[in-house]
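Okay, so here's the structure we're looking at.
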Amino acid sequence: MKLSVALFFAGFFAALGAVFFLLSFGTDYWLLASETCGPDPSGTTGPGGVILERGDVVVTDSGQDPTTFYHEGFFWRCSFGGKLEDDTMWKFWFTNQPTSKVCMHAYLFPFPVSEQTHNATTYDSAIIYRGFWSIFMLVGLVAVVLGGFIIICAAPFASHRLYKAGGSLFVAAGLFLLAVVVMFVIWVQVLDVVNEYVTHRASGCVDFQLNIRYGLSFMFAPVGVFFSLLAGLLFLLIGRSLQLQYS
């Protein structure tokens, strides 16, 4: 009876961990950002920081708002223009975004580093860092999926080895996702890539402002970590109990 109750809660926590893991992986809202850029008073740069030469003609829209919004995840990095309002979170909801949104693959191109704004060494380092971040994410996803299949095959109390294997995979998935969260926080808060980006963009903009916040995909990740680790530990205990019971 006790093992049945423990198995129920372990399976429930495992399902929650897998759902939050998939939400964190499949939605591109790890990072939300907005930047406001005014025109260069010297006239040497145009919209988007493009360098102007003699004879160039710049046509501007007087009603255009200089605010650009970004959101990024594992798959895509998207940007779109709009007006800067008090509550900008609504700008990033799925049903509240303009059709003019431009998206590009974000596998190896982490915001805010780009080849145009950084030297080759910094850009290559950013690609390597993002590469490890992506690998940890994929390994954790594979671990949680395999763990779920193994636990399904283990029911009902068929083999203590299967429960131990499934529990170990859920613990590994939680640890990998935890590493993904820590790496992302270090990327945004500790490393100097954001300051370098601000310095580069401020050289061609008046009153340049960059606002960065974590999105829903980032919020889902710690929840997935908690439930994955909890489910993994419960499955390991169930496997241990079965081993002692039938030995």
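These figures come from a predicted structure and were not determined experimentally.
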Could you tell me which non-hydrogen atom of [X] sits nearest to which non-hydrogen atom of [Y], and how far apart they are?
X: A14; Y: A231; answer: N-CB, 3.4 Å
X: L22; Y: L141; answer: CD2-CD1, 3.3 Å
X: I212; Y: A33; answer: CG1-CB, 4.1 Å
X: G166; Y: I151; answer: CA-CD1, 3.8 Å
X: M137; Y: V180; answer: N-CG2, 3.6 Å
X: R130; Y: F74; answer: NH2-O, 3.6 Å

A side-chain contact here means heavy atoms from C-beta on lying under 4.5 Å apart; do [X] and [Y] qualify?
X: L236; Y: F170; result: no
X: D28; Y: C78; result: no
X: L32; Y: N211; result: no
X: V144; Y: F176; result: no
X: V145; Y: L169; result: no

(message) I'd like to know if the side chain of Y70 and the backbone of E35 have a donor-acceptor N/O pair within less than 3.5 Å.
(response) no

[X]-[Y] co-clustered via ILVMFWY side chain contacts under 4.5 Å:
X: L237; Y: F13; answer: no
X: I152; Y: L234; answer: no
X: I150; Y: V142; answer: yes
X: Y214; Y: V182; answer: yes
X: L31; Y: M219; answer: yes

(request) Determine whether the aromatic ring centres of W133 and W30 lie less than 6.0 Å apart. (result) yes

Can you tell me how far the [atom1] atom of [X] sits from the [atom2] atom of [Y], to the nearest 0.5 Å?
X: M183; Y: Y129; atom1: CE; atom2: OH; value: 4.5 Å
X: S24; Y: L216; atom1: OG; atom2: CG; value: 10.5 Å
X: S34; Y: R213; atom1: OG; atom2: CZ; value: 7.0 Å
X: I238; Y: L7; atom1: CD1; atom2: CG; value: 5.0 Å
X: R240; Y: K164; atom1: CZ; atom2: NZ; value: 5.5 Å

(request) Might you work through the side-chain hydrogen bond (donor to acceptor under 3.5 Å, both in side chains) test for S217 and T27, ending with a clear yes or no? (result) CA-CA 6 Å; S217 302; T27 54; 2.5 Å; yes

(request) Taking ring pair (Phe, Tyr, Trp, His ring centres under 6.0 Å) as the test, write out the residues that go with F21, two or more places apart. (result)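 Applying ring pair (Phe, Tyr, Trp, His ring centres under 6.0 Å) to F21 gives none.
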
(request) Name all residues meeting the ring pair (Phe, Tyr, Trp, His ring centres under 6.0 Å) criterion together with F20; count only those two or more places apart in sequence or in a different chain, and write none if there are none. (result)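 Applying ring pair (Phe, Tyr, Trp, His ring centres under 6.0 Å) to F20 gives F220.
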
(message) Angle between ring planes, F136 versus F132, binned at 30° and 60°: parallel, tilted or perpendicular?
(response)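 Ring orientation of F136 relative to F132: tilted.
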
(message) What verdict does the side chain to side chain contact (heavy atoms under 4.5 Å, CB included) test give for L230 and F9, after you've listed the backbone C-alpha separation in whole Å, the side-chain angles of each residue and the deciding distance to 0.1 Å?
(response) CA-CA 10 Å; L230 184 58; F9 281 105; over 6 Å; no

(message) Set out, in order, the CA-CA distance, both residues' side-chain angles and the distance that settles side chain to side chain contact (heavy atoms under 4.5 Å, CB included) for F80 and V102, then state yes or no.
(response) CA-CA 6 Å; F80 56 93; V102 177; over 6 Å; no

(message) For a side chain to side chain contact (heavy atoms under 4.5 Å, CB included) check, start with the C-alpha distance between L16 and F226, then their side-chain angles and the critical distance, and finish with the verdict.
(response) CA-CA 10 Å; L16 287 178; F226 173 77; over 6 Å; no

(request) Show your reasoning for whether side chain to side chain contact (heavy atoms under 4.5 Å, CB included) applies to V185 and F218. (result) CA-CA 10 Å; V185 173; F218 177 86; 3.6 Å; yes

